[in-house]
Amino acid sequence: MDENKKWMHKETERQRRQEMGDLCTTLRSLLPVEYIKGKRSNSDHVNEAVNYINHLRNKVKQLQAKRDELIKVSNLSAIESPDSGSSGTTHLPPFVIVHPLPGGLIEIMCNYSFRKCVFPLSRVLEMLFQEGLNVVSSTSTKTDGRFMHTIRLEVPCLFNCD
C-alpha cells in the first residue's frame, strides 16, 4: 500500500513539474528577447516577466497621458462659433478611442466637430512618429458636420513580440 502511495505521489509531482515547465516555456515565448537574454532559470524568467509587465504598465500610462494631452489641446483650440442651424452630432465633444487590433496593430479613432474644434491631426501624427510608432494607414471622413480620423499603427514589441 505504501509503495502505491509513493508511486502516485511521485507521478503527481512529475506531472506538476511538467506542467510548470510548459507554462514557463510559454511565458518565456511571450517575452521580448531583451528580457530573456542571458537568463537561464525559470525564476529569472518569471522575474523578467514582472519587469516587462511593469514596463508595459508605465508605457500605457505614458500613452494615456499623451492621449489626454491631445484631447486637451484639441479642446483648447476650439473655435467659438455659433452653430449654423446644423443638427445631428455637431454638438458632441471631441473624442479619441484607442484599441488594439490583431497582428500587433493599434487603431486610433479621433472624432470631432469641424465647426467647434480644430483637431491638430498633423500634431497627432508627429507625436506618433516621435514615439517610434509606424503608421500603417490613415483615413479621414466628414459626416454630419464631424471629422473622423482613423489611424492604424504598427506597434513594435508592445503587443506582438515574437
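There is no path of hydrophobic side-chain contacts, each under 4.5 Å, that joins Leu30 to Ile53. In terms of hydrophobic clustering, with Ile, Leu, Val, Met, Phe, Trp and Tyr side chains grouped at heavy-atom distances under 4.5 Å, Ile36 and Leu27 are assigned to different clusters.
Across all their heavy atoms, Leu31 and His45 have their closest contact at CD1-O, 3.7 Å. The nearest pair of heavy atoms linking Val135 to Leu153 is CG2-CD2, 3.5 Å. The two atoms that bring Leu101 and Arg152 nearest to each other are CD1-NE, 3.7 Å, heavy atoms only.
Surrounding CD of Glu11 are more than 12 heavy atoms belonging to other residues, nucleotides or ligands, all under 6.0 Å away. Within a 6.0 Å sphere centred on CE of Met20, heavy atoms belonging to other residues, nucleotides or ligands number 12 at most. Atom NE2 of His99 sits in a crowded spot, with more than 12 heavy atoms from other residues, nucleotides or ligands closer than 6.0 Å.
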Evaluation steps, side-chain contact (heavy atoms from CB on, under 4.5 Å), between Val98 and Gln64: CA-CA 10 Å; Val98 180; Gln64 287 172 336; over 6 Å; no
side-chain contact (heavy atoms from CB on, under 4.5 Å) between Ile108 and Thr150, intermediate numbers included: CA-CA 6 Å; Ile108 301 172; Thr150 303; over 6 Å; no
Worked verdict on Leu105 versus Glu154 for side-chain contact (heavy atoms from CB on, under 4.5 Å): CA-CA 5 Å; Leu105 298 176; Glu154 189 176 59; 4.1 Å; yes
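You'll find the side chain of Ser140 stays beyond 4.5 Å of the side chain of Phe147, heavy atoms only. Within the 4.5 Å cutoff, the side chain of Glu107 has heavy atoms near those of the Met109 side chain. Side-chain contact between Arg67 and Leu63 is absent, with no heavy-atom pair separated by less than 4.5 Å.
Listed by chain and number, the residues in a salt bridge (charged side-chain N to carboxylate O under 4.0 Å, His left out) with Arg16 are Glu13 (sequence neighbours excluded).
No hydrogens or angles considered: a donor-acceptor pair under 3.5 Å links the side chains of Asp44 and Ser41. No hydrogens or angles considered: a donor-acceptor pair under 3.5 Å links the side chains of Gln18 and Asp22.
Atom-to-atom distance recorded for Lys10:NZ and Gln15:CD is 13.0 Å, nearest 0.5 angstrom. Atom CH2 of residue Trp7 and atom CZ of residue Arg14 lie 9.0 Å apart, to the nearest 0.5 angstrom. Going from atom CE of Met148 over to atom OG1 of Thr141 covers 6.5 Å, rounded to the nearest 0.5 Å. In this structure, CD1 on Ile151 lies 9.0 Å from OG on Ser137, to the nearest 0.5 angstrom.
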